[in-house]
Amino acid sequence: MAIERTFQPLPPWQRTDYCGALRASDAGRQVALWGWVSGRRDHGGLVFLDLRDREGIVQVVFNPERSAAAHEHARTVRAEYFVAVKGEVVRRAPNTVNAALPSGGIEVMADALEVLNASAPPPFPIADEEIAGSQSGAMSLSGSQSGAMVSEELRLRYRYLDLRRPRMQRNLRLRHAIVRATRAHFDEHGFVEVETPILWRPTPEGARDYLVPSRVNPGRFYALPQSPQLLKQVLMVGGLDRYYQIAKCFRDEDLRANRQPEFSQIDVEMTCPRPEDIMTIVEGMFARIYRDALGVTLSVPFTRLTYEEAMERFGSDKPDARFGMELKNLTDAFAKTELNVIRRSLAEGGAVYALKLSGEFQPTRRELDELVAQTHSRFGLGLSWAKVAGSEWQGPIAKHIGHTERSGAALALELKAGDTLFLIAGARDKVRPALGDVRLQLGTRFARPARHLLRFLWVVNFPLFEYSEQEKRLTSVNHPFTAPCPEELEALERDPLSAHSLSYDVVLNGEELGGGSIRIHNSEVQLKIFELLGLSREQAVDKFGFLLEALSYGAPPHGGIALGVDRIAMLVCGTDSLRDVMAFPKTQRAVDLMSGAPTEVDSAQLKELSVKVVL
RNA sequence: GGGGUCGUAGUUCAGCCCGGUUAGAACGCCGGCCUGUCACGUCGGAAGUCGUGGGUUCAAAUCCCAUCGGCCCCGCCA
């Protein structure tokens, strides 16, 4: 076939409307449309096509009495053909109205049809989902997105088809609304968007870097930024006063459902802020995002918890506050217990924490056993449980628990018959996170009615350092540029582990959405922190010389925050996978199934880069 | 690096435990009929490297080992 008969680079006519945007008020209009064939119902004499574009679908009717040629042509089209249609919008007869379709009150009587491109049969249905979706009404904000059952492998392999599906269309447009609201918000508050380089230098601390060889500097490498942290600090020294950016970040670590190797951050920094100022700006940003994207009004300010309070009450530095089941310290009640395991850990200075699962929920023995096993394998701690039956307890440990312990627990936890009590003893710093994990498991399993809630909160005053068993040294809880609390500066050297930082994390429903801090703007203090982290002056200058130098030239106090755009989009879209809010995500093995990246490269390219592959 | 789970027509899955006829179903696809369907209906048809490799066995989708890939989790990662 002659190529000019199969390839028409220009459309035969201009579109007047989006298919999915047509409504009863358009009745009587002549329209020109284009879109994908979403479904075909061929009655021999009469052909119905569902035509889909990004706004939705509209039914097009081909009647031989109106146009014999168009009718004949319509019989040959198939799913996902891209076609152009001209016709008249007509109101449907009452008995043929389709209430399940926003455009169901009207249809387009076709006068002409052009196939702009045929389609091979798609490997999975594009159309199924929109019908299911339209019948069940508007998608819930946080409900699960089951959609048409298609394996994710296929969806990623044919991502362009997956993106045609209404769910992905909706998610990407919600994400767009988030980014637009973000830009508007920061712009209105005097923040300047500045781009920072993607090719930059490796910085120690944190994750593995993605490296890029430099052709013109053989043997040297750029690193893709894990975040623009240092650059934004330098921008403050540079006098930008208020900066923000939607920044691409790269970390070469193993993937999770909520972790991709490249992701976007809303990166913010300002001059002379108090933590309050940053938190207020960010609360305003979230309020704007939820208003613009979903029409939801958030109540601000968000709850604020100190790190210590979060750990004490929830056993987590990113508490899911949609449900209660808070931890209680029962160390005193168990001070004289006869239960050996607990007595032993108390003797070693340990603590006892407990939580209760309300009697309306009854875990099975199997679920209990799994929790015990998981707590042991993840934290190396023994989880004990007991069922409350009046003043007695039932379960493996029940007979070893004395009256004092039982009444102490009953008082602290307000135990009622039927409740299940969970208990862990050991070093306090291990017990709280372990029980926090149990709390989360139980909450996800049993407290599901609270799913739709939006429980934003701030966790502030993180410890400045923690001790790394692996590296046998102090490491920064946040990053080494985080400023210590001013009243603790004095104690910094004496007892660094007791120091806290001017830091704040924003958490929604147990998911950390972002974190930031007031930074160190003094090169001597910065050097002192490096020293505590085990970095010599020489090493510090080698790696961060440019920062130390910048700080020495009248660097103003500054601070900021970084927020995960992808995670925010996940929560706004009500999905539990980052892959559903990114156009072209990678698999757990960091592969792009559509393009096949990463690929091998030919030897000439490697040679040019002075790189040798050793496998 | 480790644990779990899945892999069978284009798709979603059954069959696998307890090995044995020609590996089934639904949707999709192809062809016929059909002027009010919208999950159209109806009649007919095609469609399989049972992920891959090896082993056990007279015989393997089924049992064993290895390996590849998707997903979830731990480690890792702010």
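Here is how names work: the chains are called A, B, and so on, in the same order as the sequence lines, proteins then strands, and each is numbered from 1.
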So which protein nitrogen or oxygen atoms get under 3.5 Å of nucleotides 1-6 of chain B's nitrogens or oxygens?
residue, atom, partner, partner atom, Å
B:G1, O6, A:D254, OD2, 3.4

Taking only N/O atoms, report every protein-nucleotides 10-13 of chain B pair under 3.5 Å with atom names and distance.
residue, atom, partner, partner atom, Å
B:G10, O2', A:P123, O, 3.3
B:U11, O4', A:P123, O, 3.3
B:U12, OP1, A:S151, N, 3.1
B:U12, OP1, A:S151, OG, 3.4

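- As rounded to the nearest Å, B:C43 and B:G28 have P atoms that lie 15 Å from one another.
- Among the atoms of the strands shown, none is found under 4.0 Å from any heavy atom of A:V47.
- Within the nucleic acid shown, A:R157 has no heavy atom closer than 4.0 Å to any nucleic acid atom.
- One can find a donor-acceptor pair under 3.5 Å joining the base of B:C77 and the side-chain atoms of A:R259.
- In this structure, A:R445 pairs ionically with A:E367, as a charged nitrogen and a carboxylate oxygen lie closer than 4.0 Å.
- Here the side chain of A:Q59 is nearest to one of B:A78, B:U37, B:G70, namely B:U37.
- One finds no side-chain N or O of A:R378 lying less than 4.0 angstrom from the OP1 or OP2 phosphate oxygen of B:G75.
- When the P atom of B:C73 is taken as reference, atom CD of A:Q374 falls 12 Å away, rounded to whole Å.
- Here A:T96 lies in heavy-atom contact (under 4.0 Å) with a base.
- Contact check, A:R589 against B:G70: a side-chain N or O comes under 4.0 Å of OP1 or OP2.
- The side chain of A:H43 approaches B:C40 more closely than any other nucleotide in the set B:C40, B:C74, B:G70.
- In this structure, A:Q470 reaches the B:C76 phosphate: one of its side-chain N or O atoms is under 4.0 Å from OP1 or OP2.
- Between A:R41 and B:C40, a side-chain N or O to OP1/OP2 separation shorter than 4.0 Å is present.
- With both ends at atom P, the span from B:A9 to B:U62 equals 15 Å, rounded to whole Å.
- Nearest approach of A:P202 to A:D209, heavy atoms of both residues: CB-OD2, 3.4 Å.
- Under the side-chain contact (heavy atoms from CB on, under 4.5 Å) criterion, A:A68 pairs with no residue at all, not counting sequence neighbours.
- Atom pair A:D42:CG and B:C38:P shows a separation of 14 Å (rounding to whole Å applied).
- You'll find a donor-acceptor pair under 3.5 Å spanning the side chain of A:R92 and the base of B:U37, going by distance alone.
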